[in-house]
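What follows is a set of notes on a single structure, which appears directly below.
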Amino acid sequence: MDAHQLATLPLETLQSRLQQAQDAQHQLMLGKKAVSVGKDGSRVDFTQADSAQLSRYISALQSAIATKSGASVRRGPIYLGVG
């Protein structure tokens, strides 16, 4: 699910899912082999091999929350090289 699709959910749901995803990421970083995120039939399992996918999900949730709350999303710098 991308940030635009997530933005259709209520803010409280987004914040709850973000907290669950961050907790799951923390557990993976501590060495847990597998974690689950979600409830009410929307459960997703992640393993250490899926940590990049979990990070993208967290970023999408953060972006959707920023959109819902009217905050602007800050992006990192773009470096242009001469090559």
Side-chain angles (χ1 to χ4, degrees):
M1 220 180 231
D2 67 10
H4 294 318
Q5 292 170 320
L6 289 170
T8 63
L9 299 172
L11 184 58
E12 297 78 23
T13 300
L14 292 170
Q15 291 169 331
S16 174
R17 288 186 182 180
L18 177 60
Q19 186 61 54
Q20 290 174 12
Q22 288 173 328
D23 291 344
Q25 186 177 48
H26 179 72
Q27 291 299 314
L28 286 178
M29 298 303 292
L30 293 177
K32 191 168 182 181
K33 300 295 181 199
V35 294
S36 296
V37 176
K39 60 181 178 179
D40 302 330
S42 63
R43 184 175 145 177
V44 179
D45 297 318
F46 293 96
T47 64
Q48 290 176 340
D50 301 320
S51 63
Q53 182 183 3
L54 181 56
S55 292
R56 286 190 299 274
Y57 178 59
I58 289 171
S59 293
L61 285 167
Q62 290 170 330
S63 180
I65 289 170
T67 299
K68 274 274 199 212
S69 61
S72 62
V73 178
R74 294 193 64 185
R75 299 186 185 263
I78 297 174
Y79 299 100
L80 302 173
V82 178

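Here, residue 1 is the first one in the sequence, and each next residue gets the next number.
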Would you please test V35 and D45 for side chain to side chain contact (heavy atoms under 4.5 Å, CB included) and show each step? CA-CA 6 Å; V35 294; D45 297 318; over 6 Å; no

Verify the distance criterion only: is there a donor paired with an acceptor across the side chains of D23 and Q27 at less than 3.5 Å?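 Per modelled atom types, D23 and Q27 side chains form no pair under 3.5 Å.
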
Assess, by modelled atom type and distance only, whether the side chains of S51 and Q25 contain a donor and an acceptor separated by less than 3.5 Å.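 S51 vs Q25: no donor-acceptor pair found between side chains.
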
When rounded to the nearest 0.5 angstrom, what is the spacing between [atom1] in [X] and [atom2] in [Y]?
X: Q20; Y: I58; atom1: CD; atom2: CD1; answer: 11.5 Å
X: T67; Y: H4; atom1: OG1; atom2: NE2; answer: 7.5 Å
X: L14; Y: T8; atom1: CG; atom2: OG1; answer: 8.0 Å
X: Q22; Y: S55; atom1: CD; atom2: OG; answer: 10.5 Å
X: S59; Y: L18; atom1: OG; atom2: CG; answer: 9.5 Å
X: K68; Y: L9; atom1: NZ; atom2: CG; answer: 7.5 Å

How about R17 and Y57: do any of their side-chain heavy atoms sit closer than 4.5 Å?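 In contact.
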
Do Q62 and I65 have side-chain heavy atoms sitting under 4.5 Å apart?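 No, every pair of side-chain atoms sits at 4.5 Å or beyond.
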
Nearest atoms (heavy-atom pairs only) where A64 meets A7: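 That would be CB-N, 3.8 Å.
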
Restricting to non-hydrogen atoms, name the atom on L61 and the atom on A21 that form the minimum distance, rounded to 0.1 Å.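 Heavy atoms of L61 and A21 come nearest at CD1-CB, 4.2 Å.
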
